[in-house]
Amino acid sequence: MRLSQQGDMENQVELEEKTRLINQVLELQHTLEDLSARVDAVKEENLKLKSENQVLGQYIENLMSASSVFQTTDTKSKRK
């Protein structure tokens, strides 16, 4: 094998390795973008659910305070 052919093969292998690495970096960038978008969506959903939980908690608290079942009773007055 001539020296120039060996150099050409080495350049070809190096070029293929660079191309593979560039493709891998691009794929990882896309994965990171997807994960970042998913994190943002989950954060938004979490805030929504926290707000709904507060509303439901207040609603339950209001129901309990309006219901005689949950009111404190004076046990002494009921005894005979």
Only counting residues at least two apart or in another chain, list the ones meeting salt bridge (Lys or Arg N to Asp or Glu O under 4.0 Å) with E17.
R20
N/O donor-acceptor pair under 3.5 Å between S65 side chain and N62 backbone:
yes
What is the distance from atom CG of N46 to atom CG of N53, rounded to the nearest 0.5 Å?
9.5 Å
Side-chain donor-acceptor pair present, E33, Q29, cut-off under 3.5 Å
no
Taking side chain as C-beta onward, heavy atoms only, is L47 less than 4.5 Å from K43?
no
Roughly how far, to the nearest 0.5 Å, is CG of L63 from CD of Q58?
10.5 Å
Check this for me: E44, atom CD, are more than 12 non-hydrogen atoms of other residues, nucleotides or ligands nearer than 6.0 Å?
no
Inter-residue atom distance E45.CD - E52.CD, 0.5 Å rounding:
7.5 Å
Ignoring hydrogens and geometry, is there a side-chain-to-backbone donor-acceptor pair from T31 to E27 under 3.5 Å?
yes
Within this structure, what is the OG1-CD distance for the pair T19 and E14, rounded to the nearest 0.5 Å?
10.5 Å
